[in-house]
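Encoded as structure tokens, the structure appears first; notes follow it.
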Amino acid sequence: MSSVHDQAIDYPDTDGQPMGETDWHIDWTLRLRDILKQFYRDQRVYVASDLLLYYHEGVPRDFVVPDGFVVLNCDPRRRRTFKIWEEKLVPNAVFEFTSASTRRNDDVFKPRIYAAIGVPEYFLYDPVGDYLSPRLQGYRLAGTDGYVRIEPDAHDRLHCEQLGLTLELVDGELLLRHAINGDVLLTEADANAREAEIAKREALRLEERNSTMEAELQRLREELGKRPDNELP
């Protein structure tokens with residue numbers, strides 16, 4: 001709960017900055033949120049994007065705005081801001097959709113804050129290939145050494161240990177998978193579309209099978225109709 005002192009302080013819910021630099025950045029910010037919300041549906045996990053995260057009680061100028069972040073074992077209710085002293089939690093993983101114009105913020109300033117508050121992992125993705133090489137990078141907190149680069153596995157995937165996911169690029173597009181079964185994570189809309197397509201294919205398969213069975217029954221009727229009575233079983 002907030003202290004009386006804290007309640008008297010204004011913590012704005014906007015920094016006055018746009019959500020993204022380009023349509024690609026905005027699209028990915030929203031898409032990642034939708035993917036992770038679908039993945040964690042009905043679980044005690046908070047997923048946010050472009051939300052002000054305050055990290056010093058009583059100091060409203062001390063905030064950071066991750067493009068996306070996930071907090072495990074956290075009430076998934078809607079929030080105006082995220083104050084770590086109230087939640088008593090920090091994000092388990094942070095995601096940034098970076099560009100040449102935001103590179104210093106994404107590469108220098110934000111990681112310093114994330115390390116200071118104890119965010120275990122953060123990932124950078126450059127949707128348009130402005131400057132980042134490779135375009136997908138991951139970092140893991142390693143005690144006093146700060147963040148160290150996460151090396152890709154044999155399939156060129158980065159492992160997010162905190163969330164049990166892998167991240168990879170396919171034709172330059174970010175793809176998230178379940179680390180154990182390899183399933184691709186989808187938005188709710190994509191998942192519904194896939195289920196509808198599967199149901200449609202199953203209905204067509206059943207229709208074709210019924211049509212084949214009906215044709216076979218008709219053939220048998222015609223064959224029986226042509227036999228003399230003494231040949232009937």
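Just so you know, these numbers use all the heavy atoms, side chains as well, and skip hydrogens, waters and symmetry mates.
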Task: Arg78 atom CZ, neighbour heavy-atom count above 12 within 6.0 Å - done: no
Open item on the list: Do Leu167 and Phe123 have side chains that approach each other closer than 4.5 Å (heavy atoms only, starting at C-beta)?
Closed with: yes
Open item on the list: Testing the basics here: between Pro120 and Pro91, what is the closest heavy-atom pair and its distance to 0.1 Å?
Closed with: CD-O, 3.3 Å
TODO: Please list, chain by chain and in numerical order, all residues satisfying salt bridge (Lys or Arg N to Asp or Glu O under 4.0 Å) with Arg31, sequence neighbours excluded.
DONE: Asp190
- [ ] Kindly indicate whether the side chain of Asn92, heavy atoms from C-beta on, has any atom under 4.5 Å from the side chain of Val70.
- [x] no
Open item on the list: Quick check for you: to the nearest 0.5 Å, what is the distance between Asp107 atom CG and Leu124 atom CG?
Closed with: 6.0 Å
Open item on the list: Contact between Ile84 and Ile117 at the side-chain level, heavy atoms closer than 4.5 Å - yes or no?
Closed with: yes
TODO: List in chain and number order the residues that pass side-chain contact (heavy atoms from CB on, under 4.5 Å) with Val148, two or more places apart in sequence or in another chain; answer none if no residue qualifies.
DONE: Ala142
Task: In one Ile/Leu/Val/Met/Phe/Trp/Tyr side-chain cluster, 4.5 Å: Leu89, Leu163 - done: no
Open item on the list: Measuring from atom CZ of Arg103 to atom OH of Tyr131, what distance do you get when rounded to the nearest 0.5 angstrom?
Closed with: 5.5 Å
Task: Qualifying ring pair (Phe, Tyr, Trp, His ring centres under 6.0 Å) pairs with a residue from residues 141-160, counting only residues at least two apart or across chains - done: Tyr122-Tyr147
Open item on the list: The criterion is ring-ring contact (aromatic ring centres under 6.0 Å, His included); which residues satisfy it with Tyr54, sequence neighbours excluded?
Closed with: Tyr11, Phe63
Open item on the list: Could you measure the distance from the CG atom of Leu141 to the CD atom of Gln162? Nearest 0.5 Å is fine.
Closed with: 9.5 Å
Open item on the list: More than 12 heavy atoms of other residues, nucleotides or ligands under 6.0 Å from CZ of Arg104: yes or no?
Closed with: no
Open item on the list: When you group the ILVMFWY residues by side-chain heavy-atom contacts below 4.5 Å and let the links chain together, are Val94 and Val90 in the same group?
Closed with: yes
Task: Pairs where residues 137-149 contributes a residue and the test salt bridge (charged side-chain N to carboxylate O under 4.0 Å, His left out) is met, not counting sequence neighbours - done: Glu121-Arg140, Arg140-Glu161
Open item on the list: Rounded at 0.5 Å granularity, tell me how far CD1 in Ile113 sits from CG in Leu53.
Closed with: 9.0 Å
TODO: Only counting residues at least two apart or in another chain, list the ones meeting side chain to side chain donor-acceptor pair (under 3.5 Å) with Tyr114.
DONE: Glu96
Task: Set of residues satisfying side chain to side chain donor-acceptor pair (under 3.5 Å) with respect to Arg80, sequence neighbours excluded - done: Asp13
Output side-chain donor-acceptor pairs under 3.5 Å for residues 169-179, partner residues at least two apart or in another chain, one line each.
residue, atom, partner, partner atom, Å
Arg177, NE, Glu168, OE2, 2.5
Arg177, NH1, Gly182, O, 2.9
His178, ND1, Ile180, N, 3.0
His178, ND1, Asn181, N, 3.4

Task: Nearest heavy-atom neighbours spanning Pro66 and Leu51 - done: CD-O, 3.6 Å
Which donor-acceptor pairs under 3.5 Å do the side chains of residues 34-43 make with protein atoms, sequence neighbours left out?
residue, atom, partner, partner atom, Å
Arg41, NH1, Gln38, O, 2.7
Gln43, NE2, Phe39, O, 3.4

- [ ] Applying side-chain contact (heavy atoms from CB on, under 4.5 Å), name anything that partners Arg77, two or more places apart in sequence or on another chain.
- [x] Asp75, Arg79, Glu87
Open item on the list: If I take atom CD1 from residue Ile150 and atom OG1 from residue Thr166, how far apart are they, to the nearest 0.5 angstrom?
Closed with: 11.5 Å
- [ ] Applying side-chain contact (heavy atoms from CB on, under 4.5 Å), name anything that partners Pro152, two or more places apart in sequence or on another chain.
- [x] Asp156, Leu158
Open item on the list: Could you check whether any side-chain N or O of Asp62 sits under 3.5 Å from a backbone N or O of Tyr55, counting only pairs where one atom can act as donor and the other as acceptor?
Closed with: no
Open item on the list: Can you confirm whether Thr98 sits close enough to Tyr125 that some side-chain heavy atom of one is under 4.5 Å from a side-chain heavy atom of the other?
Closed with: no
Task: Partner set under ring-ring contact (aromatic ring centres under 6.0 Å, His included) for Phe82, not counting sequence neighbours - done: Tyr46, Phe69
Open item on the list: If hydrophobic clusters are built by linking Ile, Leu, Val, Met, Phe, Trp and Tyr wherever their side-chain heavy atoms come under 4.5 Å apart, do Val64 and Phe97 end up in the same one?
Closed with: no
Open item on the list: Between Asp126 and Ser99 (side chain of the first, backbone of the second, donor and acceptor by atom type, cut-off under 3.5 Å), is there such a pair?
Closed with: no
TODO: Taking the side chain as every heavy atom from C-beta outward, state whether Val71 and Val45 have any pair of such atoms under 4.5 Å apart.
DONE: no
Open item on the list: Quick check: closest heavy atoms across Val47 and Arg33, and the distance to 0.1 Å?
Closed with: CG1-O, 4.0 Å
- [ ] Verify, without hydrogens or angle tests, whether Thr102 (side chain) and Asn105 (backbone) share a donor-acceptor contact under 3.5 angstrom.
- [x] no
